[in-house]
Amino acid sequence: MTDKISTPIKTKEIIEKYGFYFKKNFGQNFLIDQNVLKNIVLAARITKDDFVIEIGPGIGSLTQFLCDSAKSVCAIEIDKNLIPILGDTLGGYSNIKVINEDVLKLDLNGLIAEEGEGKKAKLAANLPYYITTPIIMELLEKHADIESMTVMVQKEVADRMQALPGTKDYGALSVAVQFYCDTHIDFIVPPSCFMPKPNVDSAVITLTLRQNRVSVKDEALMFRIIKCAFGQRRKTLLNGIYNLGGFNLSKEDITGVLEECGLDPKVRGESLSISQFAELSDIFGKILKI
Ligand code: SAM
């Protein structure tokens, strides 16, 4: 156990000591509330058996709590100016490895295979908000060897991840997240818990990878259709698939597929459930192979 750095005074001291300045383009809003940090670790259900990956450790505020609770932690930080600071703030821990890399360029499964001793990782992070969706999508679509992700995101993004068909927040992110994961919003965090304060409320959400997914023959084809469905929200699903799908099918062919699924050709994509997207994709798959 090392002295915690996540108080407003300590955080300020560290920033001044190293002449560090916050970079908006890296989404740098550091947590300065110990209760929030403790609750992230609790929500992630981290135990002394766990290998944890953290994206964006910043000056190490959450990392310290993770190191206290986990077997080992690997933290991936893009900003090279933070690496010497982390060397200082995490110097008292022997179960941490810091990697100076862009998480979107890293071979995460390679890292988990190397560091995880045969176990899947748990992910815990206060994510940089400018790339929340690309990070989550990358981890899901590449089938990262992760059992759960407990992440701080903009509240509005957490709402989208949980949204149900037919609601205004329902979109490609909702379908992808719910196809792969069970979702649970753990708690809401106000701007006052960060330095500097973001302009929006935040939420901690836990995504637990499902053992049983909706069955679909070709995941990539289903996600291609989902992108068409939400690419032109005001258009019908028929027009979305016709305009954006690149399937080389006539409107009549597409209408036939929709009808075979029991769907009205005037339906909009936002009203379809994951099972309906999967069924649609399987019927498209049959037609495309003819
Ligand atoms: N974990 C710290 C905390 O809670 O105080 C900092 C969180 S801050 C919201 C996001 C962190 O992600 C910053 O340290 C930022 O430099 C880092 N970051 C931004 N883009 C990144 C990327 N592509 N790969 C890895 N880290 C990134």
Side-chain angles (χ1 to χ4, degrees), residues 2 4-15 18 20-41 43-44 46 52-70 73-90 93 96-108 111 121-139 142 144 149-155 157-158 186-187 189-205:
T2 302
K4 292 292 184 284
I5 57 172
S6 44
T7 64
I9 292 174
K10 270 273 184 193
T11 300
K12 236 178 160 182
E13 253 176 45
I14 290 168
I15 280 162
Y18 286 90
F20 178 79
Y21 57 94
F22 292 98
K23 293 171 205 76
K24 241 189 169 167
N25 60 330
F26 281 159
Q28 290 176 341
N29 299 93
F30 297 165
L31 275 165
I32 50 167
D33 185 305
Q34 309 235 347
N35 279 327
V36 170
L37 291 159
K38 277 183 210 155
N39 285 332
I40 294 176
V41 175
I46 290 167
V52 176
I53 291 189
E54 183 189 7
I55 297 170
I59 59 171
S61 317
L62 175 60
T63 327
Q64 288 190 323
F65 283 83
L66 295 172
C67 288
D68 284 336
S69 302
V73 180
C74 214
I76 303 146
E77 175 55 61
I78 196 170
D79 186 351
K80 67 174 175 4
N81 294 335
L82 287 168
I83 305 305
I85 305 183
L86 287 165
D88 181 1
T89 58
L90 304 176
Y93 293 98
I96 173 75
K97 178 169 180 171
V98 175
I99 298 175
N100 183 201
E101 183 61 272
D102 177 346
V103 68
L104 293 175
K105 296 191 178 143
L106 196 73
D107 169 14
L108 210 61
L111 176 75
K122 285 184 180 166
L123 191 132
N126 170 16
L127 287 177
Y129 292 172
Y130 75 108
I131 45 166
T132 302
T133 301
I135 291 175
I136 301 277
M137 291 307 292
E138 174 86 4
L139 296 174
K142 296 234 168 107
M149 312 182 202
T150 298
V151 287
M152 176 90 73
V153 298
Q154 284 182 50
K155 181 178 175 299
V157 175
D186 299 298
F187 53 97
V189 184
S192 57
C193 296
F194 300 84
M195 186 188 288
K197 292 189 183 102
N199 297 324
V200 289
D201 274 338
S202 302
V204 172
I205 185 167

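All of these numbers come straight from a predicted model, not from anything done at the bench. Each ligand, and each atom within it, is numbered from 1 in the order the structure gives.
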As a test of understanding, state which of V73, V103, I76 forms a side chain to side chain contact (heavy atoms under 4.5 Å, CB included) with I53. I76
What is the nearest protein non-hydrogen atom to atom 27 (C) of ligand 1, stated with its residue, atom name and distance? I78 CG2, 3.4 Å
Answer yes or no: does atom NZ of K12 have more than 12 heavy-atom neighbours from other residues, nucleotides or ligands under 6.0 Å? no
Go through ligand 1 atom by atom and flag the ones less than 4.0 Å from a non-hydrogen atom of G27. 8 (S), 9 (C), 10 (C)
So is L82 touching ligand 1 or not, going by heavy atoms under 4.0 Å? yes
With no hydrogens and no angle check, do the side chains of T63 and Y93 hold a donor and an acceptor under 3.5 Å apart? no
Checking Y18 against D88: is there a side-chain donor and acceptor pair closer than 3.5 Å? yes
Can you give me the closest heavy-atom contact between F26 and P128, atom names plus distance? O-CB, 3.6 Å
What protein heavy atom is closest to atom 6 (C) of ligand 1, reported as residue, atom name and distance in Å? G56 O, 3.4 Å
If you measure from each heavy atom of L127 to ligand 1, is any distance below 4.0 Å? yes
Between E77 and N100: side-chain donor-acceptor atoms closer than 3.5 Å: no
Residue, atom and distance of the protein heavy atom nearest atom 4 (O) of ligand 1 read N126 ND2, 2.9 Å
Can you list the atoms of ligand 1 that are under 4.0 Å from a heavy atom of V103? 22 (C), 23 (N), 24 (N), 25 (C)
Give a yes/no verdict on whether any heavy atom in Y130 is under 4.0 Å from an atom of ligand 1. yes
E54 touching ligand 1 at heavy-atom level, < 4.0 angstrom: yes
Among all protein heavy atoms in this structure, tell me which lies nearest to atom 14 (O) of ligand 1, with the distance rounded to 0.1 Å. E77 OE1, 2.7 Å
Do L37 and D33 pass the side chain to side chain contact (heavy atoms under 4.5 Å, CB included) test, and can you show the C-alpha distance, the side-chain angles, and the key distance before you say yes or no? CA-CA 7 Å; L37 291 159; D33 185 305; over 6 Å; no
Looking only at protein heavy atoms, what sits closest to atom 19 (C) of ligand 1 is F26 O, 3.1 Å
Does NZ or CZ of K38 lie under 6.0 Å from the centre of the six-membered ring of F65, at an angle within 45° of the ring axis? no
At less than 4.0 angstrom from any non-hydrogen atom of Q28, what atoms of ligand 1 do you find? 13 (C), 15 (C), 16 (O)
Ion pair check, K142 and D107, cut-off under 4.0 Å: no
Within a distance under 4.0 Å of any heavy atom of I76, pick out the atoms of ligand 1 and give their elements. 25 (C), 26 (N)
Please determine if L104 has a nitrogen or oxygen closer than 3.5 Å to a nitrogen or oxygen of ligand 1. no
As an exercise, identify every atom of ligand 1 less than 4.0 angstrom from a heavy atom of D102. 22 (C), 23 (N), 24 (N)
Please check if the side chain of N126 supplies one atom and the backbone of N29 the other of a donor-acceptor pair under 3.5 Å. yes
Scanning both residues in full, the closest heavy-atom pair of V200 with P191 reads O-CG, 3.6 Å
For atom 2 (C) of ligand 1, what's the nearest protein heavy-atom neighbour? Residue, atom name and distance, please. P57 O, 3.3 Å
Is there a heavy atom of E101 sitting under 4.0 angstrom from any atom of ligand 1? yes
What is the nearest protein non-hydrogen atom to atom 5 (O) of ligand 1, stated with its residue, atom name and distance? L31 N, 2.8 Å
